[in-house]
There are 2 protein chains.
Amino acid sequence: MPKNKRPQEREAKRGEIVASARALFMERGFEATPMSAIARSAGVTPNTIYWYFSDKDDLLITVLDELLVESWAAYRGQTASDDVDQLVWVVDGFRDLHLLISEIHARVEVSPALAAWHDRFHAASEGLLADELTARGVPEASLGPTVKIAVFVIEGLVTHGLEPAQARTILETLVAGMPSA
Amino acid sequence: MPKNKRPQEREAKRGEIVASARALFMERGFEATPMSAIARSAGVTPNTIYWYFSDKDDLLITVLDELLVESWAAYRGQTASDDVDQLVWVVDGFRDLHLLISEIHARVEVSPALAAWHDRFHAASEGLLADELTARGVPEASLGPTVKIAVFVIEGLVTHGLEPAQARTILETLVAGMPSA
DNA sequence: CGGGTTCTTGACTGCCGTTCAAGATAGGCT
DNA sequence: AGCCTATCTTGAACGGCAGTCAAGAACCCG
């Protein structure tokens, strides 16, 4: 195309690739989705994807960033009544990402770029949770460990696919055991 | 070989394959270990492995069973002073398995055999932990959720590779928040 | 010393992520 | 108008992977 191809068209095609990848990654998982399937779904040859993304991990990270931005927006617009309700809401939101979440944790050991994304994600969400728990009266001293525990429980609930009812009970027990001022 | 080849030799070769697989799986992880590397390390052609094991997952499950038996024996022989010490001991034992543990959770979604193993493992270890916590005074009513929380925290600590000191602090906070009689 | 089971292997298939070099496209410049 | 060149697309190919297959080697039992 032209020297300065209108970035509109470029971004449109790029966006289609990301959308296809996102849908397939969420539905079948990362490893189970070949580049060829993403390409087919986006109406493109596999090679074309490599013009827009350096490799499959790069595409995954782009998808994850997109999901992250949307989740963040949804979180801001969420009506958090109870403490437990808030955690339940988070777990519910992650539920259809459980395939990806498990695979991310496995791939972190093999893809430095993904490891960096994972670290950023944890830092951000733990910071958010820390604010929330501080406001709820968790003392500064035990804040760090309490945040980690909550994060690990959330991850466990999601990756092990526990039923909503059971997840709620567990989160209630978790909150009941949190240190308070 | 013979009709009834002395099972000694057969088991010896099978054992060598398992030992090689175990070492490589633990060192590099499951996905990063090709069958060819296991074969080379065992002094065998890749095809030979398929005489003893139906596929790579079958070999993995054999390795995991072996590790499980040894862990169980070590657990029985362990001197559990404190509550926290006990959990710290468990986390320490799992530490060099963190590659495998992450990969198991991802592969559970794709390999029914591995999923079955994972379920059995959780049932067994949660049963064990339930006994332990009951003896420590956790009331029957909140036993289930408390066990799940502990398991998820242990898995989180292992897969995220937290430093021993940090892990201990987190486990202390966890135990402090457990319901008591 | 044959025969049939147990074991081993070389050759192969199909799929994967990724690379490469050739081609198509179309604005900017003269 | 017509070339230049950067941008984009693709067919073909590579190397590595898990797993299959059919031919062969090994060796106890009759």
Side-chain angles (χ1 to χ4, degrees), chain A residues 1-18 20-21 24-25 28-63 99-100 103-104 106-107 109-114, chain B residues 1-18 20-21 24-25 28-63 99-100 103-104 106-107 109-114:
Chain A
M1 310 257 181
K3 234 170 194 169
N4 254 358
K5 180 171 190 171
R6 26 178 171 268
Q8 195 182 351
E9 200 176 327
R10 173 180 172 93
E11 283 312 305
K13 182 156 283 185
R14 197 188 130 104
E16 249 184 279
I17 294 172
V18 174
S20 298
L24 289 167
F25 285 166
R28 312 183 192 171
F30 177 76
E31 302 261 19
T33 302
M35 294 293 265
S36 60
I38 301 169
R40 202 177 320 121
S41 157
V44 160
T45 16
N47 296 2
T48 300
I49 300 180
Y50 286 91
W51 177 259
Y52 295 92
F53 304 92
S54 62
D55 55 15
K56 207 183 171 189
D57 279 314
D58 185 22
L59 181 50
L60 172 61
I61 288 171
T62 307
V63 168
L99 279 176
L100 275 183
E103 290 183 288
I104 288 167
R107 282 214 118 240
E109 321 275 356
V110 104
S111 159
L114 189 57
Chain B
M1 310 263 181
K3 232 171 193 166
N4 253 1
K5 181 172 189 171
R6 28 180 172 266
Q8 194 183 352
E9 199 176 330
R10 174 180 170 91
E11 283 313 305
K13 182 157 283 187
R14 198 187 129 103
E16 248 184 282
I17 295 171
V18 174
S20 297
L24 289 167
F25 285 166
R28 311 183 193 171
F30 177 77
E31 303 262 19
T33 302
M35 293 295 264
S36 60
I38 301 170
R40 203 177 320 120
S41 158
V44 161
T45 13
N47 296 2
T48 299
I49 300 181
Y50 287 93
W51 177 259
Y52 294 92
F53 304 92
S54 63
D55 56 15
K56 205 183 172 188
D57 278 314
D58 186 21
L59 181 50
L60 172 62
I61 287 170
T62 307
V63 168
L99 280 175
L100 275 183
E103 289 182 289
I104 288 168
R107 283 217 116 238
E109 320 275 355
V110 103
S111 159
L114 189 57

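Below, chains carry the letters A, B, ... as their sequence lines are ordered, and counting in each starts from 1. As a basis for the values below, the full set of heavy atoms in this structure was taken, side chains included, without hydrogen atoms, waters or symmetry mates.
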Distance, rounded to the nearest Å, where A/Ile49 contributes CD1 and C/dC16 contributes P: 13 Å

Phosphate-side-chain proximity, A/Tyr52 and D/dC8, N/O vs OP1/OP2 below 4.0 Å: no

Side-chain N or O of A/Tyr50 closer than 4.0 Å to phosphate OP1/OP2 of D/dT9: no

Interatomic distance, A/Leu59 CG vs C/dG17 P [rounded to whole Å]: 11 Å

Sugar-phosphate, base or nothing in reach of B/Thr48, heavy atoms under 4.0 Å: base

Beyond-backbone contact of A/Glu31 with A/Arg107, side-chain heavy atoms, under 4.5 angstrom: yes

Protein-nucleotide distance (B/Glu9, atom CD; D/dC28, atom C1'), rounded to Å: 13 Å

OP1 or OP2 of D/dT7 under 4.0 Å from side-chain N/O of A/Arg10: no

Short side-chain N/O contact from B/Lys56 to OP1 or OP2 of D/dC17, under 4.0 Å: no

Separation of atom CG in B/Asp55 from atom C1' in C/dG14, rounded to whole Å: 17 Å

Atom-to-atom span, CZ of B/Arg14 to C1' of C/dT6 - whole angstrom: 16 Å

Stacked cation flag A/Lys13 on A/Tyr52, 6.0 angstrom / 45 deg: no

Nearest-Å distance for atom pair CZ/C1', residues B/Phe53 and D/dA18: 16 Å

Rounded distance (Å) that lies between atom P of C/dG17 and atom CG of A/Asp58: 15 Å

Nearest-neighbour nucleotide for the A/Val44 side chain, C/dT18, C/dC16, D/dT10 considered: D/dT10

Side-chain touch A/Arg28/A/Leu99, heavy atoms, less than 4.5 angstrom: no

Any A/Tyr50 side-chain heavy atom under 4.5 Å of A/Leu59 side chain: no

Below 4.0 Å: OP1/OP2 of D/dT9 and any side-chain N or O of A/Trp51: no

Spacing between A/Glu31 atom CD and C/dC15 atom P, to the nearest angstrom: 18 Å

Within-4.5 Å side-chain heavy-atom neighbours: A/Glu103 and B/Glu109: no

